[in-house]
Structures are given as structure tokens and as C-alpha cells.
2 protein chains.
Amino acid sequence: MTTRWLSGQEHRTWLYVLTAVQLLESELDRRIQRDAGMPLAYYMLLAGLSEAPGRTMRMGDLAAFTNASQSRLSHAVSRLEKRRWVRRERHEVDRRVVLAVLTDEGYEALAAAAPGHVRAVRELLFDRLEEADLAALQDVAARVLDGVDGSGSARALLAERTVPPA
Amino acid sequence: MTTRWLSGQEHRTWLYVLTAVQLLESELDRRIQRDAGMPLAYYMLLAGLSEAPGRTMRMGDLAAFTNASQSRLSHAVSRLEKRRWVRRERHEVDRRVVLAVLTDEGYEALAAAAPGHVRAVRELLFDRLEEADLAALQDVAARVLDGVDGSGSARALLAERTVPPA
DNA sequence: GTCCTTTCGTTGAACTCTCAAGTTTCAGGC
DNA sequence: GCCTGAAACTTGAGAGTTCAACGAAAGGAC
């Protein structure tokens, strides 16, 4: 079977998108690290927890919501525990389950980091997009998700939780 | 100064795009690791070198082209040297410069990995996009790049090298 | 020539992620 | 009750990344 290579247009699109996304992420990471002393991944975890009922989530759900493996999340939560930003609790009924709970200290750290981060996202991304781009981008992202996300778990979580932060 | 939060539409778009991109990248990484025994980052390095004149690039240019820091590239090239896929050479004129050269072994590894990788990119990304999406996506990516890429170096490199691989 | 600054790259330590293997708990037969 | 298998996490080691400090060569200024 002969390989169907990418067309020039496809190749160019791929390079542009990949580059833009990588630079965007690394720039956001650098800024939040500098301004708030935490990596972007921590922010995402804290933000996820802050929006959950009781500021609490099962480890598995938090992993799915942040696109992390369970192992990665477990290590990350251990690090967040050392900073006293998150606390682990055992589920009362199903003793296999571990709940990650955002502490008050964690909430404060998130609240301190949020304005700067949102400003950065706005400056680097949304200030450069038109109203019409938003819907189109989301549409494309949704289609890509359908292909990548085998079990559809990420999509389901996204559909539930797309309200702005409090 | 009060923070201007993201609108519901912006927040949703951001979550979708971020999720789609992260899952896409990690899925591509998993597949090439499984099928070709190399991480996606190695592939990108080898691909970059393979398209360069003489299959040779300065460390700095290769770092810029792959959106890596110089330190990251230096470590990565050291690992690639251990696999005998890349060789270091000193520049004859400017003795500060180090040239990374793709070896024949490296080229073979790339050639073996390419078909599978391209197939994956096609399946996960381009098969889900319409012709019209391509131009729109590239346009958006270019605008984002202008904001993120302070010195415009990534854009310049992209503009030069957007021909399909040989 | 000598000094100062910039450019190009490397290094080591600390941190983060991945992968495979392990523990504990639950749920269903039988 | 007692297996057996699956589910939910954790762990440790190795791979990869980041950050700050460093060395070596080049380019002026004088």
C-alpha cells in the first residue's frame, strides 16, 4: 500500500497549526510560571476543581477533564498536596475512589493567578480572532475531538462543563 | 484594573481547542512511539534535518524550527547521537556554531516512520476537515503566531520551508 | 592588542511525564 | 463464603524538559 502524502496545502496548514499551538502553550506556561509561580498544568487542575461541586472531584474524572493519564494526575496531585493546595480524601462508599479537594489555600492561589492568565489568553489568542473565527474554531476542534477521543469521554465532560469560571 | 473575563463563547472555544490539540498530539505521540519506537519530537527533528540542504542545520536554526529551546535541543541531539541518527560537527568558519547532521541511519529511521505517521495525521486531522477549513485554519494560526512569536523567527522559518517532504 | 559585550551552545540539578507493575477494593458467579 | 476479574489509584524507574549558570568564540571600541 503506497502512502498518500500530505498535499502542499495540508503540509503548510499542519506546520502552521502545530507551531502556533506549541508556541501559544509554551508562552502561556512561561508567563504563568513567572507571574504566579505555578506551571500551566497546575492552574488547569486548580481551575477544574474550583468549578466542581464541593470543589471536589474523583481522581479519575479530574484526569479525564485535564487530558492527563491517571499516573500523571496522581504524581501531580502529590505535588499539589505538598503545596497544601489540594487534599486527598477517600470516598466513603466506594473505598477504591480517591477524591481530590481544593483547599482554601489552593483557591487563593488560583484566584491570584487567574487574572494574569486570562489576560494572557486574551492578548495572545482572542484579541487576534474575529467573532466568526470562534464558532469555526470550536467546530473544527469538535470534529477533531470526535476522531481522537475514542470513548468520547472528553467530549462528554466538555459538554457538561463549559460555563465560565465564577 | 478589573479583569475582563472570557465570554461563555470564548471559554468554550478555548476548552475545545486546547483539548483537541492536546489529545491530537498525545495520540500521535503514542502511535509513533508504538509503531516506530521513537517519540514525536525525534521525528520532528529528523524531518527538519532531512529537508535541509545537506541534511544539515545549525543547532540554533533547528531549535527555532522545532519550537524548542536551545537547551532542550542540545539534550535531544545528544540522545539522537546515541542512536547514531544524528552527528555533531563544528562549523569551519564560525567555531561557535555546531552543525547537526542527519546520518544515513537516521534517514532510514525517518523513512521507516514517515508513512505511518502521515497516515495517522491524515486519519486524525485532515480526514475530518473540509477543503475550506484548511485555509481558514492556517489563517488563524498565522495570526496567533504573529502575537506569540515575538521576533517573528518562527514565521520566517515557516515561510521558507513549507514544501512537502521528498 | 585588550577589554567588553553578544552570540552560540552545553551542562547539571530539579522537575515532570510515561510506562509497566503493584495494591486495594468492588462485583459477579457458584 | 470464596474465587476470579475488573476498576481505581499509586509507585518507582527511566526518559524528557526547564532553568540558571557556565564556557568559548566572535565583534566591536579604543
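Chain letters run A, B, ... following the sequence lines, proteins first, then strands; residues in each count from 1. Atom set for the values below is all heavy atoms of this structure, side chains included, hydrogens, waters and symmetry mates excluded.
- For B:Thr103 (side chain) and B:Arg84 (main-chain N/O), a donor-acceptor pair under 3.5 Å exists by modelled atom type.
- Taking five base pairs at each end of the helix from C:dG1-D:dC30 to C:dC30-D:dG1, the local helix axes there meet at an angle of 10°, rounded to 10°.
- In terms of the ring pair (Phe, Tyr, Trp, His ring centres under 6.0 Å) criterion, A:Phe126 has no residue partners (sequence neighbours excluded).
- With hydrogens and angles ignored, the 3.5 Å screen pairs a side-chain donor or acceptor of B:Arg122 with a backbone N or O of A:Trp5.
- At distances below 3.5 Å, not a single donor-acceptor pair connects side-chain atoms of A:Asn67 with backbone N or O atoms of B:Leu23.
- Straight-line distance from the CZ atom of A:Arg72 to the C1' atom of D:dT11: 18 Å, rounded to whole Å.
- Nucleotide C:dC15 holds its C1' atom 7 Å from the CZ atom of A:Arg79, rounded to whole Å.
- A salt bridge between A:Arg31 and A:Glu27 is present, with a side-chain N of the basic residue lying under 4.0 Å from a carboxylate O of the acidic one.
- Rounded to a whole Å, the CD atom of A:Glu92 is 14 Å from the C1' atom of C:dT25.
- Side chain B:Arg96 to base C:dT7: a donor-acceptor pair is found below 3.5 Å.
- Following rounding to the nearest Å, A:Leu80 (CG) and C:dC15 (C1') show an atom-to-atom distance of 13 Å.
- Nearest nucleotide to the A:Gln33 side chain, out of C:dG9, D:dC19, D:dT17: D:dC19.
- Position along DNA chain D of the nearest nucleotide to B:Ala68 versus A:Asp94 favours A:Asp94 as the more 5'-ward residue.
- The interatomic distance linking B:Glu25 (CD) with C:dC17 (P) rounds to 14 Å, in whole Å.
- When the nearest nucleotides of DNA chain C are assigned to A:Tyr42 and A:Arg90 by heavy-atom distance, the more 5′-ward of the two goes with A:Tyr42.
- Distances were taken from every side-chain heavy atom of B:Arg58 (C-beta onward) to each of D:dT18, D:dC9, C:dG9; the shortest belongs to C:dG9.
- Scanning atom types as modelled, no donor and acceptor separated by under 3.5 angstrom connect the side chain of B:Ser78 and the base of C:dT10.
- A straight line from CD of A:Gln70 to C1' of D:dA6 spans 13 Å, rounded to a whole angstrom.
- For A:Arg95, taking side-chain heavy atoms from C-beta onward, the closest of the listed nucleotides D:dC9, C:dT25, D:dA26 is C:dT25.
- Atom CZ in A:Arg83 sits roughly 12 Å away from atom C1' in C:dT16 (whole-Å rounding).
- Residues B:Glu131 and A:Gln9 have side chains that never bring a donor and an acceptor to within less than 3.5 angstrom of each other.
- Side chain A:Ser74 to base D:dC9: no donor-acceptor pair is found below 3.5 Å.
- Listed for the B:Thr19 side chain is no donor-acceptor partner under 3.5 Å among the backbone atoms of B:Tyr16.
- For B:Ala41, the side-chain atoms get nearest to D:dT17 when compared with the rest of C:dT18, D:dT18, D:dT17.
- For B:Val93 and B:His75, each mapped to the nucleotide of DNA chain D holding its nearest heavy atom, the one lying further toward the 5' end belongs to B:His75.
- At a cut-off of 3.5 angstrom, counting only N and O atoms as typed in the model, there is no donor on one side facing an acceptor on the other between the side-chain of B:Ser71 and the base of D:dT17.
- Rounding to whole angstrom units, CZ of residue B:Arg34 and C1' of C:dA20 are separated by 17 Å.
- Distance from the side chain of B:Val97 is smallest for C:dC8 among the nucleotides C:dC8, D:dT10, C:dT18.
- Annotation: cation-pi geometry satisfied between A:Arg55 and A:Tyr107 (NZ/CZ under 6.0 angstrom from ring centroid, within 45° of ring axis).
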